[in-house]
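In what follows, every chain begins at residue 1, and chains take the letters A, B, ... in the order their sequences are listed.
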Amino acid sequence: MPELPEVDHIVRYVRPRLVGRRITTLETPGGLPRGHDAPGTSPLKLVRGRTIRAVDRRAKLILLRLDQRTLVLHLKLTGKCWIRDADSAPAKSTRLRLVLDDGQALDVEDARKLGWFRLLEDEPLVAMLEKNGPEPLDPAFTLAFFRGLIAKKRGRLKPLLLDPTFVAGIGNIYADEVLFAAKLHPRRLASTLAPREVGALHRAIVTSLKRAVADRTEEVPDQTRVGSGARGASKHIKTRQVFQRAGEPCPRCGETILRTVVATRGTYLCPRCQPAPGPA
DNA sequence: ACATGCACCTGGGAGC
DNA sequence: TGCTCCCAGGTGCATG
């Protein structure tokens with residue numbers, strides 16, 4: 001489900017409710033994703049009795065810092081996090097419930113079971129985090145830095161933006177929003193960008209993500225869909241210029257927004273603002 | 001080394 | 001109501 005702004009929002013929501021709390025029990029009411037052992041036999045059992053010292057985000061990962069170790073959560077496409085009363089009935093798709101010493105619980109739900117969680121010591125944690133690309137909202141993500149990154153790339157822009165080792169945190173929604181903001185077609189080759197287009201792309205990445213983070217100010221994140229399913233839209237659809245808006249007018253020029261497929265992913269664009277590259 | 005496309009899962013909506 | 005088909009916001013890995 002979530003990309004950088006959504007994961008960031010979830011972290012801001014759970015952090016004050018988790019930091020300083022001790023985990024008393026670990027439950028897996030809806031069954032674990034593939035590859036996970038039962039908690040009684042896996043390293044996950046080691047979370048019991050530990051105190052949550054901090055909650056951080058890196059890329060789309062949620063990091064629950066415990067004593068000595070870190071519980072890493074990846075929500076993938078359909079993962080959600082809720083703070084619930086520990087007495088409440090868990091949702092059907094609850095993969096993990098961490099019961100806390102104040103009677104609350106952290107529920108991790110994931111209908112498609114694509115997400116995962118792992119308890120890691122510092123060394124493997126650092127190795128895992130290093131595989132992610134740079135954080136686009138970090139002050140170090142300057143235009144000069146970005147020029148160096150993209151100079152080595154030749155592929156099409158959409159799959160490049162979706163590559164988590166290129167830049168962290170961008171998914172299918174923000175890839176389309178970024179390319180629209182930069183007025184670049186998703187099939188443009190990175191190697192064909194003029195210097196001012198690289199500048200526009202850099203600016204679009206930073207401003208689109210910053211705005212999405214700043215928009216998410218409610219205390220409890222919107223992790224639901226209205227109308228739901230694949231075509232469902234969260235209430236933040238208002239902040240989207242093109243994504244899932246096929247058939248609607250472009251907010252910039254009024255041309256009809258198109259849906260197409262690029263690198264197997266549904267892709268939305270304005271054909272006038274984002275002219276297609278030549279056949280070559 | 002780099003680019004591409006599919007596999008991994010399940011569920012919801014549309015159309016018949 | 002109950003099919004069947006299509007779609008889904010991520011990423012690791014096999015394949016060119």
Tell me the interatomic distance from [X], atom [atom1], to [N], atom [atom2], rounded to whole angstroms.
X	N	atom1	atom2	answer
A/Ile173	C/dG10	CD1	P	7 Å
A/Asp163	B/dC2	CG	C1'	10 Å
A/Lys76	C/dG12	NZ	C1'	7 Å
A/Phe117	C/dG10	CZ	P	20 Å
A/Asn172	C/dT11	CG	P	11 Å
A/Leu114	B/dA7	CG	P	14 Å
A/Arg118	C/dG12	CZ	C1'	11 Å

Review point. Which residue, A/Trp116 or A/Arg112, contacts DNA chain C at a nucleotide closer to its 5' end, judged by nearest heavy atom?
Key: A/Arg112
Check your understanding: Expressed in whole Å, how much space separates the P atoms belonging to C/dT11 and B/dA1?
Key -> 23 Å
Exercise for review: Take atom C1' in B/dC8 and the same atom in C/dT4, then report the distance between them in whole Å.
Suggested key: 22 Å
With sugar-phosphate meaning primed atoms plus P, OP1 and OP2, does [X] contact a base, only sugar-phosphate, or nothing at under 4.0 Å between heavy atoms?
X	value
A/Lys152	nothing
A/Lys131	nothing
A/Arg95	nothing

Check your understanding: Can a salt bridge be assigned to the pair A/Glu177 and A/Arg240 using a cut-off of 4.0 Å between side-chain N and carboxylate O?
Key -> no
Check your understanding: Can a donor-acceptor pair be found between the side chains of A/Ser93 and A/Asp110 at a distance below 3.5 Å?
Key ->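 There is no such pair between these side chains.
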**Study point:** Quiz item: A/Arg156 side-chain donor-acceptor pair to B/dA3 base, under 3.5 Å
**Key:** no
